[in-house]
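Right, one structure below, let's go through it.
Computed from a predicted structure; not experimentally measured. Values below: all heavy atoms of this structure, side chains included; hydrogens, waters and symmetry mates excluded.
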Amino acid sequence: MTTVTEDSELAGLRDALGLLKDREQVAQRLLESSAKHSFDPDKELDWDAPVEDGKWFWPPELVSLYDTPLWHRMSEEQRMDLARHEAASLASLGIWFEIILMQLLVRHIYDKSVTSAHVRYALTEIADECRHSMMFARMIEKGGAPTYPVTKLNHNLARVLKTVSTTPGSFACTLLGEEILDWMQRLTFPDERVQTIVRGVTRIHVVEEARHVRYAREELRRQMVTAPRWERELTRVSSGEAARVFSIAFVNPQVYTNVGLDRREALAQVKASGHRREVMQSGAKRLTDFLDDIGVLRGAGRRLWKSSGLLA
């Protein structure tokens, strides 16, 4: 159970995971890491190299239809084409999330000291996310697939989120958008079956996102200890709703149509796929364990997380 001890003013803040680290010290370490391990994708990656014949744009085991009856009926060429379109869909989703994240970070630091390490790191992360969004856009273009925007409903729901989100809610949604894709990308960048450019993109993203995850986790822990009760309750519900939307938006159904599949049949098989359910829950497990430990997965919020399919 997450609590604030009576002597927290003297002994520091604690939650179920232990003593919270000093906010400025965390930010300073992240700034030092950023100075040593940041990348310029325009210079780091060979965007002029040709697409490699016979290589995937996404590991086949992470493609939504993998090991379904429909997958077994598809030709290898069609499977690889689906992987290419799903990579573009995920990159499109990543850009959408990162644009939301940048706005939430700006809101978070608006009232804070501009000379603090905490604010300096937030600005550093915003710069990272700008580069990531441009990098993902170039990857989509390189693969020759279209962009896959989220539905108008989800696009406008995000407008509401950006306006009304609490600070802990913002960081919970940040982790949702970062950690599942990060898990998939950690499987992608060492996979020699995958296009070199995709491996390069995912390697850069994994290295830099590790800092973003650390920043968000430390701040969410702090917020769940110090925020008023109503804000914690709203965070539980809003993160659960975000998980539900995320799981629906994860792969745009238009990818199935674009590779010549029956969209309705494909969606039904993805929904029934035990492999896909395992992939999504495995990708989310590190996050859901953390959120459970710090008291986010409770009540109605937990039920929403379960309905999303991300929580077993």
Side-chain angles (χ1 to χ4, degrees), residues 33-67 71 74-99 101 125 127-149 177-213 250-252 254-256 258-260 275-276 279-280 282-283 286:
S33 177
S34 296
K36 295 177 183 176
H37 305 293
S38 290
F39 304 94
D40 180 349
D42 289 339
K43 297 177 180 177
E44 188 78 18
L45 303 175
D46 185 1
W47 295 101
D48 295 325
V51 170
E52 298 157 292
D53 291 338
K55 287 200 171 185
W56 297 77
F57 273 84
W58 203 240
E61 296 82 5
L62 299 182
V63 176
S64 61
L65 280 169
Y66 181 79
D67 203 27
W71 178 267
M74 295 164 65
S75 67
E76 188 74 353
E77 182 181 1
Q78 196 174 26
R79 292 172 182 172
M80 295 184 84
D81 199 30
L82 177 60
R84 181 172 65 93
H85 282 264
E86 288 201 9
S89 177
L90 287 168
S92 300
L93 183 72
I95 294 169
W96 179 63
F97 257 109
E98 288 181 341
I99 290 171
L101 168 59
E125 181 170 333
D128 289 346
E129 300 295 15
C130 285
R131 292 194 304 274
H132 293 172
S133 295
M134 292 186 286
M135 177 175 70
F136 287 162
R138 289 194 75 174
M139 189 185 83
I140 294 170
E141 288 186 324
K142 186 70 177 178
T147 56
Y148 286 97
E178 289 179 338
E179 294 215 30
I180 299 174
L181 285 172
D182 181 73
W183 179 83
M184 290 187 168
Q185 290 174 344
R186 286 176 184 273
L187 296 177
T188 301
F189 79 78
D191 191 335
E192 294 184 358
R193 298 172 299 170
V194 176
Q195 296 281 341
T196 300
I197 191 67
V198 175
R199 294 174 64 196
V201 165
T202 54
R203 178 181 63 85
I204 288 173
H205 199 249
V206 163
V207 170
E208 297 188 341
E209 284 296 308
R211 298 191 293 267
H212 303 178
V213 167
F250 199 75
V251 174
N252 191 312
Q254 186 62 33
V255 301
Y256 307 122
N258 287 351
V259 299
H275 174 80
R276 185 60 175 176
V279 163
M280 296 302 289
S282 296
R286 184 170 176 267

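Under a 3.5 Å cut-off, the side chain of Arg79 and the backbone N or O of Pro60 do not form any donor-acceptor pair. No donor-acceptor distance shorter than 3.5 angstrom exists from the side chain of Arg193 to the backbone of Phe57, with no hydrogens or angles considered. Side-chain atoms of Gln78 come within 3.5 Å of backbone atoms of Val259 as a donor-acceptor pair (strictly under, hydrogens ignored).
Aromatic ring pairs are classed by plane angle as parallel below 30°, tilted from 30° to 60° and perpendicular above 60°; the pair Tyr148 and His85 is perpendicular.
For the pair Met184/Met280, a side-chain contact is recorded, criterion being any heavy-atom separation below 4.5 Å from C-beta on.
The pair Glu179-Arg286 counts as a salt bridge, with a side-chain nitrogen and a carboxylate oxygen less than 4.0 angstrom apart. A salt bridge does not link Glu44 to Arg131: none of the charged nitrogens lies less than 4.0 Å from a carboxylate oxygen. A salt bridge is defined here as a Lys NZ or Arg NE, NH1 or NH2 lying under 4.0 Å from an Asp or Glu carboxylate O, and Glu209 with Arg186 fails to meet this definition.
The two residues Glu52 and Thr196 have their closest heavy-atom pair at OE1-N, 2.8 Å.
Atoms CZ and OG, from Phe250 and Ser64 in turn, are 10.0 Å apart once rounded to the nearest 0.5 Å. Remark: Glu125 CD to His132 NE2 distance equals 9.0 Å, nearest 0.5 Å. Of the inter-residue distances, the one linking Glu141 atom CD with Thr147 atom OG1 reads 9.5 Å to the nearest 0.5 angstrom.
Separation of the Phe189 and His205 ring centroids does not fall under the 6.0 Å cut-off.
Within 6.0 Å of atom CD in Glu76, more than 12 heavy atoms from other residues, nucleotides or ligands are found, so the atom counts as buried in its surroundings.
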- Message: Using side chain to side chain contact (heavy atoms under 4.5 Å, CB included), reason through Val206 and Asp182 one step at a time and then give a plain yes or no.
- Response: CA-CA 6 Å; Val206 163; Asp182 181 73; 3.8 Å; yes

